[in-house]
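Note sheet for the following structure.
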Amino acid sequence: MSDLHNLSVKALATLLQTKEVSAVEVATRFLARMGGNPHNAFLDIDSEATLAQAQASDAKLANGTAGPLEGVPVAHKDVFVTRDFATTAGSKMLSGYRSPFDATVVQGLRSAGMVTLGKLNCDEFAMGSANENSAYGAVTNPWDTARVPGGSSGGSAAAVAAGLAPAATGTDTGGSIRQPASFCGITGIKPTYGRASRYGMIAYASSLDQAGPMARSAEDCALLLSAMCGPDPDRDSTSLDVPAEDFTLSLGAPLDGLRIGIPKEFFGDGLHADVRAAVDLALAELTKQGAKLVPISLPRTELSIPVYYIIAPAEASSNLSRFDGVKFGHRAKDYTDLESMYKRSRAEGLGSEVKRRIMTGTYVLSHGYYDAYYLQAQKIRRMIADDFQNAFKDCDVIAGPVAPSVAWKLGENAGDPVADYLADIFTLPASLAGLPGMSVPAGFGAHHMPVGLQLIGNYFKEAQLLNVAHRLQQATDFHLQKPAGV
Ligand code: GLN
């Protein structure tokens, strides 16, 4: 089977259960493809650790104790801590760090039987929109290696698009699953905030951070998501008391009468015509299947940028205080006293975008500015969430673009962080509201680069989103198209 690397998670799971291939064979094939680290997608590869997990899976397949995804490989974004692999969060600060435990999400996928291929490159502490903020170098987009893969889960998106892994985990604080999925032509879903445990996910902005799967199809995402969700009350107090669900059960339900809300603010001047054309075609396909398009308004869409870029840095400035060279992280060699040790360790260990966010966050939280910035941002965040609830009176799901353009060129926004921030405009609103959102391949735009359709659902409507995406994927083959040579 020469095309093992192009098979879906579902197909691989079936071949493994029927023993047509072994977990070791599958892992060996992917490890061979990962050789030389194409696209700089991986930050840690350890074939011995992977093969040991695969052997354990083969034993379970042989003795009848296999999980539903037994032996299917997955790679993890480097913000999930893992025992078998190093975890750096893309930062020099954590270079060589090894966690004594696995993140709950990693554990969930391992319990379902998945074998870990390695750890995936990402923006430092997940702060970025292009994966250019990784301390270990940029990731290239498999569709055009002169372009960014998106971020911050850029390694995850590139690995799946390039056939280096059938699926990957990602995290999404303001778009980091949806936007790289869109830029690399794969499918990704961020569930409702609180659905998946944040335990063992290195914190960026805790009130926004959420884990989710990235894979070629909605069906594969559903398989992974089912193993990633569920309450974790002892270890993540914000994990919701909602039982895990089999997200594959509702796949295939007809779309007749489904009301798809089209927010006019997502289709304004900033949206590139090529992206709009692809999104419109995908929407036309959904209407052909019986869905109805309903005009809606999310009037505070533009405000989501300043609100997010106040709240996320504020939380980051607090979360990242633990990396001080004592409790965690790199410790400078030369220092004179405790304070100089803190200063030098942080100066050496953290990258410039992370420092910018810590400074912004500290500023907006400081006495005298708290009311003007942080408190104000919190109030508008609530209004953004209310706007969605108003919109959901008239529609069942919301659809629009994931990003205003296709993937830009590496280095294009160098020295202009705000250019990256502005490109987050369509993913930030759902993040601020804590709503589930996904990116579904919707064709190609300028330079034959992939375009994603964004679907946003009400709280706990992941199954509905996955079904809409699945129906689209039954009628189109955008998600099956591959970059040259894959
Ligand atoms: N681009 C956004 C940021 O830089 C979102 C990142 C994310 O979702 N982790 O903060």
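Just the heavy atoms: all of them, side chains too, but no hydrogens, waters or symmetry mates, feed the values below. This chain uses plain numbering: 1 for the first residue, then up along the sequence.
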To the nearest 0.5 angstrom, please state how far the OG1 atom of T116 sits from the CG atom of D84.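 Atom-to-atom, T116:OG1 and D84:CG are 7.0 Å apart.
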When you look at S91 and V354, which way does the side chain to side chain contact (heavy atoms under 4.5 Å, CB included) test go after all the steps? CA-CA 9 Å; S91 182; V354 173; over 6 Å; no
Has the side chain of [X] got a donor or acceptor atom that lies under 3.5 Å from a matching backbone atom of [Y]?
{"X": "D78", "Y": "K119", "value": "no"}
{"X": "Q378", "Y": "L375", "value": "no"}
{"X": "S152", "Y": "D123", "value": "no"}
{"X": "Q454", "Y": "S439", "value": "no"}
{"X": "D209", "Y": "T173", "value": "no"}
{"X": "R300", "Y": "I380", "value": "no"}
{"X": "S57", "Y": "E70", "value": "no"}
{"X": "N467", "Y": "A253", "value": "yes"}
{"X": "T427", "Y": "G174", "value": "yes"}
{"X": "R471", "Y": "G252", "value": "yes"}

Would you mind writing out the side-chain donor-acceptor pairs for residues 211-220 within the sub-3.5 Å range, not counting sequence neighbours?
unit_1	atom_1	unit_2	atom_2	d
R216	NH2	V160	O	3.4
S217	OG	D220	N	3.1
E219	OE2	K10	NZ	3.2
D220	OD1	V9	N	3.4
D220	OD1	K10	N	3.2
D220	OD2	V9	N	2.8

Can [X] and [Y] be counted as having a side-chain donor-acceptor contact under 3.5 angstrom?
{"X": "Y193", "Y": "T238", "answer": "yes"}
{"X": "Q464", "Y": "S250", "answer": "no"}
{"X": "T476", "Y": "E285", "answer": "no"}

For the rings on W143 and F183, is their centre-to-centre separation under 6.0 Å? no
Ring centres under 6.0 angstrom apart (F101, Y199): yes
From CA spacing to verdict: side chain to side chain contact (heavy atoms under 4.5 Å, CB included), V406, V451: CA-CA 6 Å; V406 296; V451 172; 3.8 Å; yes
Suppose the criterion is ring-ring contact (aromatic ring centres under 6.0 Å, His included): which pairs have a residue in residues 256-275, not counting sequence neighbours?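 Residue pairs passing ring-ring contact (aromatic ring centres under 6.0 Å, His included), neighbours aside: F266-F426.
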Residue list, ring-ring contact (aromatic ring centres under 6.0 Å, His included) with Y374, at least two apart or on another chain: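 Result, ring-ring contact (aromatic ring centres under 6.0 Å, His included) vs Y374: Y370.
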Counterpart residues, salt bridge (charged side-chain N to carboxylate O under 4.0 Å, His left out), relative to K461 (two or more places apart):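 By the salt bridge (charged side-chain N to carboxylate O under 4.0 Å, His left out) rule, K461 matches no residue at all.
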Under the salt bridge (charged side-chain N to carboxylate O under 4.0 Å, His left out) rule, collect the residues that match up with R198, sequence neighbours excluded. D236
Residues at least two apart in sequence or cross-chain that pass side-chain hydrogen bond (donor to acceptor under 3.5 Å, both in side chains) with N390, listed by chain then number, are K393
Could you go step by step and tell me if K77 and T171 meet the side-chain hydrogen bond (donor to acceptor under 3.5 Å, both in side chains) rule? CA-CA 8 Å; K77 184 178 184 179; T171 63; 2.7 Å; yes
Starting from the C-alpha separation in whole Å, work towards a yes-or-no answer on side chain to side chain contact (heavy atoms under 4.5 Å, CB included) for V81 and I202. CA-CA 7 Å; V81 302; I202 294 175; 4.1 Å; yes
Kindly determine whether R357 and E124 satisfy salt bridge (charged side-chain N to carboxylate O under 4.0 Å, His left out), including the steps that lead there. CA-CA 11 Å; R357 306 236 183 155; E124 186 172 5; over 6 Å; no
